[in-house]
Amino acid sequence: MAERARVAVLISGTGSNMAALLYASKADDCPYEIGLVLSNDPAAAGLQIAKAEGIPVWAQSHRGMERSAFDALIDEQLTKAGADYVALAGYMRLLSPEFVAKWQDRMLNIHPSLLPKYKGLDTFRRALEAGDEFAGCSIHVVTAGVDEGPVLGQTKVRITAGDTPDSLARRVQFAEHQLYPRTLSAWITQQRSRAE
Ligand code: GAR
């Protein structure tokens, strides 16, 4: 198999999607490896999961820094680590336009709704209030507009009577953990075959 692509993952919290990407990368036929996990919160629980697997981590609080200056620090770490792609996985900070432009077509995000519905926050509450039949998750290419880039994959999760934002979030997360590794792998394989 060709050398694996190096993926860096940005997280802000639990890191369960990062963990799904990481453990999926242990399969022999996975086209990527996780080269670095970064966080804007040094207390993010996901950092411990990465460390346990021997993955290099970098964490620093963004507090008190200009967005573009903080993102430049992240970019420096990505370059040092030789990252080919960036996967946002519960990274709860908007990125500066410079950073997004630099990583254009090399950065994906996971969002907990069936885009284009419910960009931004509070997606489960909004789906419940709208009386939707389905919630779900989407993987999209990151572009300048928040949660706006081309959607590469989605999983629908049925809403049942009595669902709350929390109960829905739990089921959507199971779906996310399946969808993200699969979609990232397929996208990397496609990007690489285009570049050949
Ligand atoms: C995930 O459900 C992801 O879809 C969501 O944050 C959660 C992070 O969980 N992302 C967003 O809301 C982005 N706007 P995790 O840290 O356990 O992966």
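Start at 1 and go down the list; that is how both ligands and their atoms are numbered.
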I110 heavy atoms within 4.0 Å reach ligand 1 at atoms 4 (O), 10 (N), 13 (C)
Would N109 count as a polar contact of ligand 1, with the cut-off being nitrogen or oxygen pairs under 3.5 Å? no
Take atom CZ in F174; do more than 12 heavy atoms of anything else shown fall under 6.0 Å from it? no
Would you check if the side chain of S185 reaches a backbone N or O of R182 as a donor-acceptor pair within less than 3.5 Å? no
If you measure from each heavy atom of G15 to ligand 1, is any distance below 4.0 Å? yes
Straight-line distance of L73 CG to W58 CH2, nearest 0.5 Å: 5.0 Å
Expected output: side-chain S96 to main-chain D71 donor-acceptor under 3.5 Å: no
Enumerate the atoms of ligand 1 whose separation from the nearest heavy atom of T14 is less than 4.0 angstrom. 16 (O), 17 (O)
Name the closest protein heavy atom to atom 17 (O) of ligand 1, giving the residue it belongs to and the distance to 0.1 Å. S16 OG, 2.6 Å
Checking a contact table here: which protein heavy atom is nearest atom 6 (O) of ligand 1, and how many Å away? G90 CA, 3.8 Å
In the protein, which heavy atom is nearest to atom 14 (N) of ligand 1, and how far is it? H111 ND1, 3.7 Å
Looking only at protein heavy atoms, what sits closest to atom 1 (C) of ligand 1 is E176 OE1, 3.2 Å
Would you say that more than 12 heavy atoms from the other residues, nucleotides or ligands in this model lie under 6.0 Å from the CD of E66, or not? no
Is it true that S12 and N40 share a donor-acceptor pair across their side chains at a distance under 3.5 Å? yes
Residue selection (non-hydrogen contact nearest atom 7 (C) of ligand 1) among M92, Q173, R93, H177: Q173
N/O of Y91 under 3.5 Å from N/O of ligand 1, yes or no? no
For T123 and P112, indicate whether the former's side chain and the latter's backbone hold a donor-acceptor pair under 3.5 Å. yes
